[in-house]
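Chain letters run A, B, ... following the sequence lines, proteins first and then strands; every chain starts at 1. Any value given below was found using the heavy atoms of this structure, including those in side chains, with hydrogens, waters and symmetry copies removed.
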Amino acid sequence: MAMTERDDLENLFSEARALRPEPGDDLMARILADAEAVAAERERPVRPVSAGPGWRNWLRTLGGWPAVGGLVASTVAGLWIGVAQPAALSDIAASVWGEQVSVNLGVDVDPLSLLEG
Amino acid sequence: MSHPARAMPLMDETPFASPAPLDAEGALLLAYANGDREAARELTVSLAPRVLGQATRMLSDRAEAEDVTQEVMLRLWHVAPDWRQGEARVATWLYRVTSNLCTDRLRRRRGVGLDDVAEPPDPTPSVTDRMQGEARMRALSDALAALPDRQAQAVALRHLEGLSNPEIAAIMEIGVEAVESLTARGKRALAATLRGRKEELGYGDD
């Protein structure tokens, strides 16, 4: 009895092993569609940089759009300081040098005098 | 689906898991990851039938086996960029993931109740041999569903896929002795479950 039971089980196993189902066209198409979708998703963030014009690469060198945000902010701040010359800034200058500092951009010295002697 | 806690260094001792000098499928997978669409087609043609075969033998349900095959391949597409040539073989990975997804499905079937699903669709003497064969395969699959997951996986890999114990050890990430124990216990339990179903299995006349 035990012997035939084991044989039955072995017969079942060998019958299962003999199964060789072939995937249909529909299944193959579904699998390939997945492969394409996954590949396209993976390539999406890379494509604009590699295929885009030169300024995109320049942008990438700066660090992308987040870096550009910081760049714009500091540029605007610099412009504002230059134009408005806020009082706080001259106070800081005074505290650093201990006195009022004036920078004369005019030329007092005769440039020709440098050539003399 | 992986079980890091079960990972054991024994993998390196098995020929199945040893780094193949040339794993053509691993190379194709990396080609796909680098944008080669033809590689995806080649992989599908060579791997999908294997996965479908394994899933069909375990589940004995064409629709479920096809769903599992698509899911296994989808996971393969996702892991492609991280594939490390030489560390694992695609074949080993496929057996593991397919095995896990199939026992997930068998577990759900278990909840339905073995007696409800194991009945042959038409047990009259007029059924064709093919239908009897399908009923037998379904009974085997349902008996697998009655086993604990790891026993079902080990028995299926050993007796339905015809793999060696070291190969199964690599797939299940356990030691060879653990595989021997799982297959022995699983096979005994399987025989016990199928006992008394000899008529249904078509072996009653022996």
**Student:** Tell me which of these, A:Ala39, A:Gly24, A:Ser14, A:Ala37, has more heavy-atom pairs under 4.5 Å with chain B than the rest.
**Tutor:** A:Ala39
**Student:** Please give me the minimum heavy-atom distance between B:Tyr32 and A:Ala35, naming the atom from each residue.
**Tutor:** OH-O, 2.7 Å
**Student:** If every non-hydrogen atom of B:Arg62 is compared with every non-hydrogen atom of A:Pro23, which pair is closest and at what distance?
**Tutor:** NH2-CA, 3.9 Å
**Student:** Between the side chains of A:Glu22 and B:Arg50, is the shortest nitrogen-to-carboxylate-oxygen separation below 4.0 Å, so that they form an ion pair?
**Tutor:** no
**Student:** Is it true that A:Arg30 and B:Asp67 have a side-chain N and a carboxylate O under 4.0 angstrom from each other?
**Tutor:** yes
**Student:** Given heavy-atom pairs under 4.5 angstrom as the criterion, report whether the side chain, backbone, both or neither of B:Val51 touches chain A.
**Tutor:** neither
**Student:** Of all of B:Met73, B:Glu71, B:Glu161, which one pairs up most often with chain A through heavy atoms under 4.5 Å apart?
**Tutor:** B:Met73
**Student:** Rounded to the nearest 0.5 Å, what separation is found between the CG atom of B:Leu74 and the CG atom of A:Asp34?
**Tutor:** 4.5 Å
**Student:** Main chain of B:Gly53, side chain of A:Arg20: is a donor-acceptor contact present, judged purely on distance under 3.5 Å?
**Tutor:** no
**Student:** Decide yes or no on salt bridge (Lys or Arg N to Asp or Glu O under 4.0 Å) for A:Glu10 and B:Lys187, but give the supporting numbers first.
**Tutor:** CA-CA 10 Å; A:Glu10 291 301 334; B:Lys187 198 175 164 185; 2.8 Å; yes
**Student:** How close do A:Leu12 and B:Leu140 get, heavy atom to heavy atom, and via which atoms?
**Tutor:** O-CD2, 4.1 Å
**Student:** A:Arg42 and B:Trp77: which non-hydrogen atoms are nearest, and at how many Å?
**Tutor:** NH1-O, 3.4 Å
**Student:** Could you tell me which non-hydrogen atom of B:Leu160 sits nearest to which non-hydrogen atom of A:Arg17, and how far apart they are?
**Tutor:** O-CG, 3.0 Å
**Student:** Could you walk me through whether B:Leu194 and A:Asp8 satisfy the side-chain contact (heavy atoms from CB on, under 4.5 Å) test, starting with their C-alpha distance in whole Å, then the side-chain angles of each, then the deciding distance to 0.1 Å, before giving a yes or no?
**Tutor:** CA-CA 10 Å; B:Leu194 291 168; A:Asp8 288 348; over 6 Å; no
**Student:** Would you mind reporting whether A:Leu32 and B:Arg37 have side-chain heavy atoms less than 4.5 Å apart?
**Tutor:** no
**Student:** Between A:Asn11 and B:Arg136, is the side-chain contact (heavy atoms from CB on, under 4.5 Å) condition met? List the steps.
**Tutor:** CA-CA 10 Å; A:Asn11 286 340; B:Arg136 279 198 295 271; over 6 Å; no
**Student:** Which distance, rounded to the nearest 0.5 Å, do you find between the CD of B:Glu134 and the CG of A:Leu19?
**Tutor:** 9.5 Å
